[in-house]
Structure formats: structure tokens, C-alpha cells
Amino acid sequence: MKVAIFNAKKYDREFLIVANGSRHELHFFEPHLSEESVGLAAGFGAVCVFVNDQVDAAVIARLHSLGVRLIALRCAGYNNVDLSAATKHGITVVRVPAYSPYAVAEHTIALMLALNRKLHRAYNRVREGNFALEGLLGFDMHGKTVGVIGTGQIGSVVAQILTGFRCPTLAFDPFPNAVCQSLGVRYIELNELFAQADIITLHCPLTPENKHLISGPAIARMKTGVMLINTSRGALLDTLPINEALKSGKIGYLGLDVYEEEEEIFFEDRSGLILSDDVFARLLTFPNVIITGHQAFFTREALLNIAATTIDNITRFENNQPLEKLAG
């Protein structure tokens, strides 16, 4: 099958080429998929896209007119895809539902530890010859109450790691996970979790119902000095009240691997450019904030799994084999 791979980085090429072998004709394009770039898909039966590609109704209609029959997401999230439009135009949409929950879970814990022990600040101090400890005081993770919102594959692994720290762990999920329950994780209502947790970490998909799950009212219920971690989807957080809560000290620590408007920022080298997003720029001024550029998934094991599943999805579609479809 002839496949147009958008938003292709060097690592995408490396892993997809190895996974593909000689099965499909892969063509790699650097631009994101958008209304401006969709014309590149002419002559292709499938497109392969990532989390920040634009796959809205207008793009899908154009893909249909170009003869595209398959949209293969090389990620788990699909909030950037208009599934109704895909169904309307008879385009099948597939994704990689699981690749390595350990990758994201371990990055989540890394953010917690780095924020707590202020490793980002200590690293810079030592490089400048400053070995003073003032301002670097942390706390024992042991005994701190952690609230996990969403206990699917990733949230479950986070809970397993936290039990190793002997952290009392609370959880909110409409579908309690038996593995978490066996670890002693206690499921409670969301407002109770906000009120009781010293650390809150998000591991739920983005839906219309939970957009800005963490906004002013939720923050008001939290403990003063709470640590908040988001390695899930950027729009789960309303960034303006987050900034205000950081200024007031209500939020004591913030770790982000995702951002609501990240498609205009992440995955590119913008070090020589002026950052036009004032809300994001304000986040970068806080010493108790660590932001990584959507890299939680970025391990060798995860990329191997993503590439293998993506190529397998394309092969199964071409051979009319059963697929776990999102649409079409």
C-alpha cells in the first residue's frame, strides 16, 4: 500500500522503515497534515499521522476526494480526528491503543521526583560552581497521598510504582481497575481526591466532557502547595487559572509533558524564535515548574511498538483483515 507519513521526524523514519520491511511503499513528509499540506496525499491510499496533525472535517473531506481510504494514527490519542467526518466519507481510522505504559508512567514519576528534589535547579547551580543547598529543600515521597485520575494501562503502572514508595494512593475512574484495587488503591469521588491528595497526576483520555477538568473550581478544592502532574492531554488543564494558582502558591509544583496549544510549539526547534504564546511563556518563568516537550512516550521500546502496530494496522486493512477501528 502507498502510505503518506506526515510530520515525519528522523526517528519516525528509522523505526517505521525497520518495522515495514518491504510490505508497503512509505513516503515521509516533514509538514504536519493540515488544510495547507493535505494535497501531498494525492495518489496515496493511506496517510499516517501523529497527535498534533490536523485531521478535521475539512481535511478529511479533501483526503476522501484524493482517494485516501485509511488514516493510521501512530499514537493512542485521537482527539485531533473528526471521527464523524471519517465515517461519513467512508475512511477507516485506526490507532496504536497501547505501546508502552511504562514509558509514560516512568516519565510521570521522574517529573514528581525532579520537582520535589528540585533537580533542575540543582543541576544548573552545580554547573555554575554553586553548591549551596538553600532553596533546594524537598520532602519524603514516603507517606504522601497521591491521587491518580484515570487508571487504565498507564495510570495502573503509575499506581504500582507509587506503592513501591509507600504512598497512600487514591484514584478516580468510572471503571475501577482490579490490579489497582489489589494494590490497595482506594477509589473515591473526584472532589474528594482533589481535597485529600498531596500530589495529583492525570492519566485519562481527553473527551468533550472532561476538557479543562482542572480549572478554577477544581484548584480551589486542592490542598495549598499541591503538586500537579499532566502527562496525558494538554486540554485537561485550563492554563490561565493554573498560572494564577502558581502565582498565589496554591499550586506548589507543576510538571507538564503536554500543553493545550502545543501543536504550535512542540516537536520543533524554536530556540531561535520569539515565543508568541504569552500563557505558555508565563509558565516558563516559574522556578517550581518543569515542562518537557511531549516526550513521555519517547523510549526505544515504545517507538518499536508504535511502528510495529502502525505497519500491522496498514497491512491488516490492505488484506481486509479484522481491525480495531475508531471509524469507517
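Both backbone and side-chain heavy atoms feed into the values below; hydrogens, waters and symmetry mates do not.
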Minimal non-hydrogen separation, Ser34 against Val59, with atom names: C-CG2, 3.8 Å

Pairwise distance CZ(Phe28) to NZ(Lys10) - rounded to 0.5 angstrom: 13.5 Å

Heavy-atom side-chain contact between Arg125 and Leu136 under 4.5 Å: yes

Passing candidate, ring-ring contact (aromatic ring centres under 6.0 Å, His included) with Phe50, options Phe6, Phe267, Tyr78, Tyr11: Phe267

Heavy atoms of other groups near Phe139 CZ, more than 12 under 6.0 Å: yes

Heavy-atom side-chain contact between Lys211 and Leu213 under 4.5 Å: no

Val55 side chain reached by Val47 side chain, heavy atoms, under 4.5 Å: no

Minimum side-chain heavy-atom gap Glu268-His32 below 4.5 Å: yes

Validation row: Ile161, Glu106 side chains within 4.5 angstrom (heavy atoms): yes

Side chains of Leu283 and Thr239 in contact at under 4.5 Å (non-hydrogen atoms): yes

Residues, nucleotides or ligands: over 12 heavy atoms within 6.0 Å of Arg300 CZ: no

Backbone of Leu162 reached by a side-chain donor or acceptor of Arg166 within 3.5 Å: no

Shared hydrophobic cluster, Phe44 / Ile314 (ILVMFWY, side-chain heavy atoms < 4.5 Å): no

Minimal non-hydrogen separation, Ile219 against Ala245, with atom names: CG2-CB, 3.7 Å

Thr201 versus His203, side-chain donor and acceptor atoms under 3.5 Å: yes

Closest heavy-atom pair and its distance - Gln181, Pro176: NE2-CB, 3.6 Å

hydrophobic_cluster_shared for Leu183 and Ile154, side chain cutoff 4.5 Å: no

Separation between OG1 of Thr231 and CG of Leu256, rounded to the nearest 0.5 Å: 10.0 Å

Mutual orientation of the aromatic rings belonging to Phe29 and His27 [parallel < 30°, tilted 30-60°, perpendicular > 60°]: parallel

Side chain Arg117, main chain Gly138, donor-acceptor under 3.5 Å: no

Arg95 side, atom CZ; Leu326 side, atom CG - distance, nearest 0.5 Å: 5.5 Å

Ring centers of Phe172, Tyr187 separated by less than 6.0 Å: no

Exceeds 12 heavy-atom contacts within 6.0 angstrom, atom NZ of Lys223: yes

Step-by-step side-chain contact (heavy atoms from CB on, under 4.5 Å) determination, Val226 to Ile200: CA-CA 8 Å; Val226 66; Ile200 296 172; 4.1 Å; yes

Cluster link Tyr99 to Val81, ILVMFWY, side chain under 4.5 Å: no

Gln321 versus Thr315, closest heavy-atom pair with distance: OE1-O, 4.4 Å

Gap between atom OG1 of Thr145 and atom CG of Asp198 - 0.5 Å precision: 5.0 Å

Interatomic distance, Asn313 atom CG to Cys48 atom SG [nearest 0.5 angstrom]: 9.5 Å

Distance-only side-chain donor-acceptor flag, Asp257 / Gln295, under 3.5 Å: no

Within one Ile-Leu-Val-Met-Phe-Trp-Tyr cluster: Ile242 and Ile265, side-chain cutoff 4.5 Å: yes

Donor-acceptor pair between Ser271 and Asp269 side chains, under 3.5 angstrom: yes

Met227 vs Leu254, side-chain contact (heavy atoms from CB on, under 4.5 Å): CA-CA, chis, key distance, verdict: CA-CA 6 Å; Met227 179 186 290; Leu254 179 68; over 6 Å; no

Atom pair CG/CG of Leu73 and Leu70 - distance to nearest 0.5 Å: 9.0 Å

Side-chain (Thr310) to main-chain (Arg74) donor-acceptor, under 3.5 angstrom: no

Residue pair Val146 / Leu170, side-chain heavy-atom distance below 4.5 Å: no

Chi angles and distances behind the side-chain hydrogen bond (donor to acceptor under 3.5 Å, both in side chains) call for Thr151, Ser156: CA-CA 5 Å; Thr151 53; Ser156 175; over 6 Å; no

Closest heavy-atom pair and its distance - Ala327, Thr87: CB-OG1, 3.5 Å

Verify same cluster id: Val3, Ile306 (apolar side-chain graph, 4.5 Å): no

Whether Asp238 side chain and His212 backbone form a donor-acceptor pair below 3.5 Å: no

Under 3.5 Å: donor-acceptor pair, side chain of Asp12, backbone of Lys9: yes

Gln54 backbone acceptor or donor facing Asn80 side chain under 3.5 Å: no

Side-chain donor/acceptor of Asn305 to backbone N/O of Glu301, under 3.5 Å: yes

Within 6.0 Å of CG in Leu273, more than 12 heavy atoms from elsewhere: yes

Working for side-chain contact (heavy atoms from CB on, under 4.5 Å), residues Phe297 and Leu303: CA-CA 8 Å; Phe297 78 99; Leu303 289 180; 3.7 Å; yes

Side chain proximity check, Leu237 to Leu202, heavy atoms < 4.5 angstrom: yes

Heavy-atom donor-acceptor pair, Asn7 side chain to Pro31 backbone, under 3.5 Å: no

Heavy-atom closest contact (Leu137 atom, Lys118 atom, distance): O-NZ, 2.7 Å

Residue Glu30 excluded, over 12 heavy atoms near CD under 6.0 Å: no

Side-chain (Lys250) to main-chain (Leu246) donor-acceptor, under 3.5 angstrom: no

Check: Phe280 main-chain N/O paired with Asp277 side-chain donor or acceptor under 3.5 Å: yes

Chi angles and distances behind the side-chain contact (heavy atoms from CB on, under 4.5 Å) call for Arg186, Gln196: CA-CA 12 Å; Arg186 185 161 60 93; Gln196 296 181 35; 3.4 Å; yes

Donor on one side chain, acceptor on other, Glu128 and Asn130, under 3.5 Å: no

